[in-house]
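Note that the coordinates shown come from a computational prediction; the quantities given were computed from them, not determined experimentally. All ligand and atom numbering here is 1-based and tracks the order in the structure. Numbers for residues simply follow the sequence, beginning at 1.
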Amino acid sequence: MADSLQESHAELSTSRSRILAAADQARRRIERDLHDGTQQRLVSLVLELRAAQNAVPVDQPELRARVARLTETLPAALDELRELSRGIHPAILSEGGLPPALRALARRTLLPVELDVDVPRRLPEPVEVAAYYVVSEALANTTKHAFASSVRISAHARDDALRLSVHDDGVGGAVAGRGSGLVGLTDRVEALGGTLTLDSPSGHGTTLEARLPLG
Ligand SMILES: Nc1ncnc2c1ncn2[C@@H]1O[C@H](COP(=O)(O)OP(=O)(O)O)[C@@H](O)[C@H]1O
Ligand SMILES: [Mg+2]
């Protein structure tokens, strides 16, 4: 009885991580298609439009103004597309691994972020992706809910596990079941055999910690 329970538990967590890996792979493919296809086309359109703008005769002020508006709005659409594909799958993570990806997340956060990253090698892809999502969601939560004045992130790779911690000095009182972000993170981390811990006493800030086994 205990044996078969343990066996089905193991099967369940293998299929969980298989599902996650398949979804991640699909997202990576969409990101590549957007980057190599749509974005490249838009980039060349922007260049062509600039050339066309210079070719409009000066005695056609109305046409000049219309083309000028186009050359302003098209790059904005391109920026939006870049932002969108970053949300689908962060290319910087597959290319450079966790340290540059975490620095990019920190840069985009509207609060002062202290980063302490000691990850001297590439980690298994599912671990990198999970770690990225943990930090990304924790930073989004801090920005949305915490009223914090600063955030501290640490990521340390040891032989047996990657340890992550995101701490803010905000209002605390976070409860995992209330939204979907933390519950989704728990699924992702547990599918890899890891643990996610939330410590958020009311009035005393929030710490989210994850341990992701390596090996
Ligand atoms: N850093 C934080 N500081 C204060 N409250 C938080 C923090 N993170 C989460 N919370 C609270 O816990 C709830 C659950 O968080 P989460 O699962 O990420 O859901 P949501 O989709 O609302 O962000 C949030 O709705 C919020 O009320
Ligand atoms: Mg959230």
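- Counting protein heavy atoms only, atom 21 (O) of ligand 1 is closest to S180 N, 3.8 Å.
- The environment of NE2 in H156 is crowded: more than 12 heavy-atom neighbours from other residues, nucleotides or ligands sit within 6.0 Å.
- Residue G181 places at least one N or O, backbone or side chain, under 3.5 Å from an N or O of ligand 1.
- Of all the atoms in ligand 1, the ones that sit under 4.0 Å from a non-hydrogen atom of K144 are 23 (O).
- At the shortest separation from atom 8 (N) of ligand 1 among protein heavy atoms lies N141 CB, 3.3 Å.
- Using a 4.0 Å heavy-atom cutoff, G173 is absent from the residues neighbouring ligand 1.
- For atom 24 (C) of ligand 1, the nearest non-hydrogen atom of the protein is H145 NE2, 3.6 Å.
- The G172 neighbourhood of ligand 1 comprises atoms 4 (C), 5 (N), with distances under 4.0 Å to a heavy atom of that residue.
- Contacts classified as side-chain hydrogen bond (donor to acceptor under 3.5 Å, both in side chains) and involving residues 4-13 (residues at least two apart or in different chains) are not found.
- Ligand 1 places these atoms under 4.0 Å from at least one heavy atom of A176: 17 (O).
- Among protein heavy atoms, the minimum distance from atom 1 (N) of ligand 1 is reached at D168 OD2, 2.9 Å.
- Nearest protein heavy-atom neighbour of atom 19 (O) of ligand 1: G179 CA, 3.2 Å.
- Only protein N, O or S atoms were considered, and those under 2.8 Å from the Mg ion (ligand 2) are E137 OE2, N141 OD1.
- For R66, the CZ atom sits in a loose shell: 12 or fewer heavy atoms of surrounding residues, nucleotides or ligands are nearer than 6.0 Å.
- For the 3.5 Å distance criterion, the side chains of S85 and Q39 qualify, holding a donor opposite an acceptor.
- F147 forms part of a hydrophobic cluster together with V171, judged by ILVMFWY side-chain heavy-atom separations under 4.5 Å.
- Judged by distance alone, the side chain of S200 and the main-chain N or O of A174 form a donor-acceptor pair under 3.5 Å.
- With respect to the salt-bridge test (charged N to carboxylate O, under 4.0 angstrom), the residues R29 and D24 do not qualify.
- Around atom CZ of R41, no more than 12 heavy atoms belonging to other residues, nucleotides or ligands sit under 6.0 Å away.
- Ligand 1 does not have G170 within reach: every non-hydrogen atom of the residue lies 4.0 Å or more from it.
- At the shortest separation from atom 27 (O) of ligand 1 among protein heavy atoms lies R178 NH1, 2.8 Å.
- Residue, atom and distance of the protein heavy atom nearest to atom 6 (C) of ligand 1 are A174 CB, 3.3 Å.
- Considering every non-hydrogen atom in both L192 and A130, the closest pair reads CD1-CB, 3.7 Å.
- Annotation: side chain of Q40 is not in contact with side chain of L34 (no heavy-atom distance under 4.5 Å).
- Atoms of ligand 1 found under 4.0 Å from any heavy atom of V175, numbered from 1 in the order shown, are 12 (O), 13 (C), 14 (C).
- Distance from atom 17 (O) of ligand 1 to its nearest protein heavy atom, with residue and atom name: L182 N, 2.8 Å.
- In terms of modelled atom types and a separation under 3.5 Å, the side chain of R27 and the main chain of I88 share a donor-acceptor contact.
- For the side-chain contact (heavy atoms from CB on, under 4.5 Å) criterion with L98, the lone passing option out of V129, V117, L93 is L93.
- Set against the non-hydrogen atoms of T206, the atoms of ligand 1 under 4.0 Å away are 1 (N), 2 (C), 3 (N).
- If you run side-chain contact (heavy atoms from CB on, under 4.5 Å) between E128 and each of L123, L212, V119, only L123 comes through.
- Among residues at least two apart or in separate chains, side-chain hydrogen bond (donor to acceptor under 3.5 Å, both in side chains) pairs with a member in residues 161-175 are T142-D168, S149-D169, H167-T207.
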